[in-house]
Amino acid sequence: MWPVIRFLKRKNLKKSMQSFGPRLRNQLILVFVVTISCVLAFVFLTTYQQAKKLLQEQSANITSQYFAQNEYNIEAFMDDVDKDAKLLTLTWDIQDYINRGGWENDFTSIMAARAVFDDIASIMSNNEAILSVFYFGSDGTALGVTERGNYVKARDGKTLDYYAMGIEELVRSDITKTHWLGGYLLSDFYVEKLNDPEGVYDVPCITAARSFNSGGIHRGTLIVNVEESALADLITKSDERNIRKSYLVNTQGEILVHEDETQIGQMAQVFSDISPDIENDYFIRDGMQVNFSYLSTPGWYMISEVSLESVYQDINQLRDWFLIIFIIAIIAAVSISFYWLYRLMRPLDALRQAMHRMEKGEVGEHLDENCRNELGLLGRQFNKMSDSISHLIHRIQTVENEKRTMELEALKMQINPHFLFNTLSNIKYMAMIIQSQTITEAVTALGNMLAPMFRSDSQFWTIGEEIDFLENYIKIMNYRFGNGIRVTYDIPDELRECQILKFVLQPLLENAITHGFEQSEGMGIISLKAEQSGENLLVHISDNGQGISPQKLEELKKNLKNSEKDKSLKKGHIGIVNVHRRLQLYFGPDYGIRITSQEGQGTHLEMLLKIIK
């Protein structure tokens, strides 16, 4: 059973290796096509979105010009009406009629009213857009002229509907200008109740209201009603392509002028998106580009709506062409990539087969180097690699033979730590037998010094453990120098548990004993002090030895400065240099040792390292 399973596995592996080339080629084609598709799609979408934005801005600019033309036309239209209104307020016949106190049922009043009617009719004949002109006095008198007749009302109180419209109060608020209003019907201003069942008089109009003053006193209001359709025609005629729906609204959003009269008086739905702080701008809403502009003369907004389909009409054709080009590009990319990948994959198939043979142990395989593309360079590199592997295998065999020989020699030279400690223990017991207290203490101190070296592989221990190590070292050195060396410690308790690199203080004390007390035969005092400096630990080591000459001190400082560059120092203060190099290796170039000394007075070392809690 197991041989059959192994045979099937080898067969599947061989089949997988044989299909490797076609699978890789298909994957590369797929990756290439997907990449090209993504790039083209990204370029298309980015270009399409940017083009849409440009078309929106272009449409907004065109609409701004359209608004400017409309504003000029509307201002000119209203200026003509305003001039007619001012002329009527200055006409002598109207002034005389008002000063007489309005209508009286006598011949004089009838003639005065007739003169007023004639003046108004003359003005209306010169401006066909004017539908009616009314005068409403503050005392309730009224007079009006329409296309269908003249009307007059004597003083009998403010009983007309006009006085409830709020126009009188608006005119009184500023008697120096003409106030423009909309949303009214022509029938709203009639002096008499009309019998109009068919709504002939329900014509939308735009109203110009102006104060009538006499002697600087407001005596009444002049009402000039013009056709709403006249303003609507001014707006729509400016749109040559007839793709915009434009209308006028007041500051509350109520539609005043619209080509569809049924919309007049309705609230413009888009007005809620218009900011009162912006006079001219556009925004997109419900598939429409909405442009708006504030007209200062009447105090209204002109709004123009155009469908995005009309704005994007030209770019949609470009989109269809791009889709066709996109499909053609994908087909061409697949065809070209299939052809070139087939040519490129032939050297790769040869490389795969050669690697498969090397896997079976046939070292020294070579490929044809005649191919001039990048895969041909890969074949040449493969040949070099094959030769290198052959040489490397030979070298590895030689090195392994030498290594086995060296391991045998190392086993012969190896010293077991347990054997060393057992030997020291035997020497200690022998010293105790002969009652040599000095030898016993010296061997004990030496054992205590050696124990940390074999106890742990860690590079760090506490300052307290370093001090214990120094105590054993000083005890051994005092056996040599006759207890002439004294070490004082000034280390706060909170710093004794901080971590420090192993064996960084002992070489410095050894240097002080060897070089500082050499002439005094080991007689001297060494002080060791530690303090915290921010996040760092500063250790001071001072001695009262013979000091260092200026020449040697300068050489030592130079060695400390160049310790990282020159790693071949072998003599003179090598312990200090090694410690300095270790500190910089672990903590960085800002850490290490500084040394000062005066010949004959002693030496002072400062060691800076990081605090490790």
Exactly one candidate in Val133, Asn150, Ile120 meets side chain to side chain contact (heavy atoms under 4.5 Å, CB included) with Leu143; the answer is Ile120
Take a 6.0 Å sphere around CD of Glu494 and say whether it holds more than 12 heavy atoms from other residues, nucleotides or ligands. yes
Just how far is it from atom OG1 of Thr221 to atom CD of Glu169, taken to the nearest 0.5 Å? 9.0 Å
Apply side chain to side chain contact (heavy atoms under 4.5 Å, CB included) to the pair Leu256 and Ile264, showing each step before the final yes or no. CA-CA 5 Å; Leu256 305 179; Ile264 298 175; 5.9 Å; no
Shortest non-hydrogen separation from Ser211 to Thr89 and the atoms involved: O-CG2, 4.2 Å
Ser64 and Tyr282: side-chain donor and acceptor closer than 3.5 Å? no
Is any side-chain heavy atom of Tyr301 closer than 4.5 Å to one of Ile274? yes
ring-ring contact (aromatic ring centres under 6.0 Å, His included) between Tyr184 and Phe189: does it pass, once the steps are laid out? CA-CA 9 Å; Tyr184 296 111; Phe189 296 94; 5.7 Å; yes
Tell me if a side-chain donor or acceptor on Asp174 pairs with a main-chain N or O of Leu170 at a distance below 3.5 Å. no
Trp180 vs Thr207 side-chain heavy atoms within contact, under 4.5 Å: no
Step by step, would you call Arg219 with Asn213 a side chain to side chain contact (heavy atoms under 4.5 Å, CB included)? CA-CA 6 Å; Arg219 302 293 297 276; Asn213 303 322; over 6 Å; no
So, for Ser246 and Tyr66, which heavy atoms are closest and what is the spacing to 0.1 Å? OG-OH, 2.7 Å
A side-chain contact here means heavy atoms from C-beta on lying under 4.5 Å apart; do Val203 and Leu185 qualify? no
Going by heavy atoms in the side chains, are Val249 and Tyr247 under 4.5 Å from each other? yes
Give a yes or no on this: more than 12 heavy atoms of other residues, nucleotides or ligands lie within 6.0 Å of atom CZ of Arg285. yes
Please tell me if the side chains of Val290 and Ile284 come closer than 4.5 Å, counting only heavy atoms from C-beta onward. no
Is there a side-chain contact between Asn225 and Ile206 in this structure, where contact means two heavy atoms from C-beta onward sitting under 4.5 Å apart? no
Spell out, as yes or no, whether a donor-acceptor pair under 3.5 Å connects the side chain of Asp286 to the backbone of Met288. no
Give, for atom CD1 of Ile235 and atom CE of Met302, the distance between the pair rounded to the nearest 0.5 Å. 5.0 Å
Between Val171 and Arg210, is a side chain to side chain contact (heavy atoms under 4.5 Å, CB included) present by the stated rule, with each step listed? CA-CA 6 Å; Val171 172; Arg210 186 173 182 85; over 6 Å; no
Can you give me the closest heavy-atom contact between Thr146 and Tyr151, atom names plus distance? OG1-CE1, 3.6 Å
Determine whether more than 12 heavy atoms belonging to other residues, nucleotides or ligands lie under 6.0 Å from atom CD of Gln269. no
Looking at every non-hydrogen atom in both residues, tell me the closest pair between Ile278 and Phe292 and how far apart they are. O-CE1, 3.4 Å
I'd like to check Ser138 versus His218 (side-chain heavy atoms, cut-off strictly below 4.5 Å). Are they in contact? yes
Roughly how far, to the nearest 0.5 Å, is CG of Leu234 from OH of Tyr72? 12.0 Å
Nearest 0.5 Å please: distance from the CH2 atom of Trp300 over to the CD atom of Glu254. 10.5 Å
Give a yes-or-no answer on whether the side chains of Asn73 and Gln69 include a donor-acceptor pair shorter than 3.5 Å. yes
Identify the heavy atoms of Tyr163 and Gly137 that sit nearest to each other, and give their distance. OH-O, 2.6 Å
Are side-chain N/O atoms of Ser304 and Asn291 paired as donor and acceptor at under 3.5 Å? no
Nearest-0.5 Å distance that lies between atom CG in Asp590 and atom CG in Leu583: 12.5 Å
Hey, what do you get for CG (Leu88) to CE (Met124), rounding to the nearest 0.5 Å? 10.0 Å
Please check: side-chain N/O of Thr46 versus main-chain N/O of Phe42, any donor-acceptor pairing under 3.5 Å? yes
Do Met267 and Ile255 touch side chain to side chain, with heavy atoms closer than 4.5 Å? no
For the pair Leu248 and Ile74, evaluate side chain to side chain contact (heavy atoms under 4.5 Å, CB included) and give the outcome as yes or no after the intermediate values. CA-CA 11 Å; Leu248 300 178; Ile74 291 173; 4.1 Å; yes
Of all heavy-atom pairs linking Phe117 and Val145, the shortest is CD2-CG2, 3.4 Å
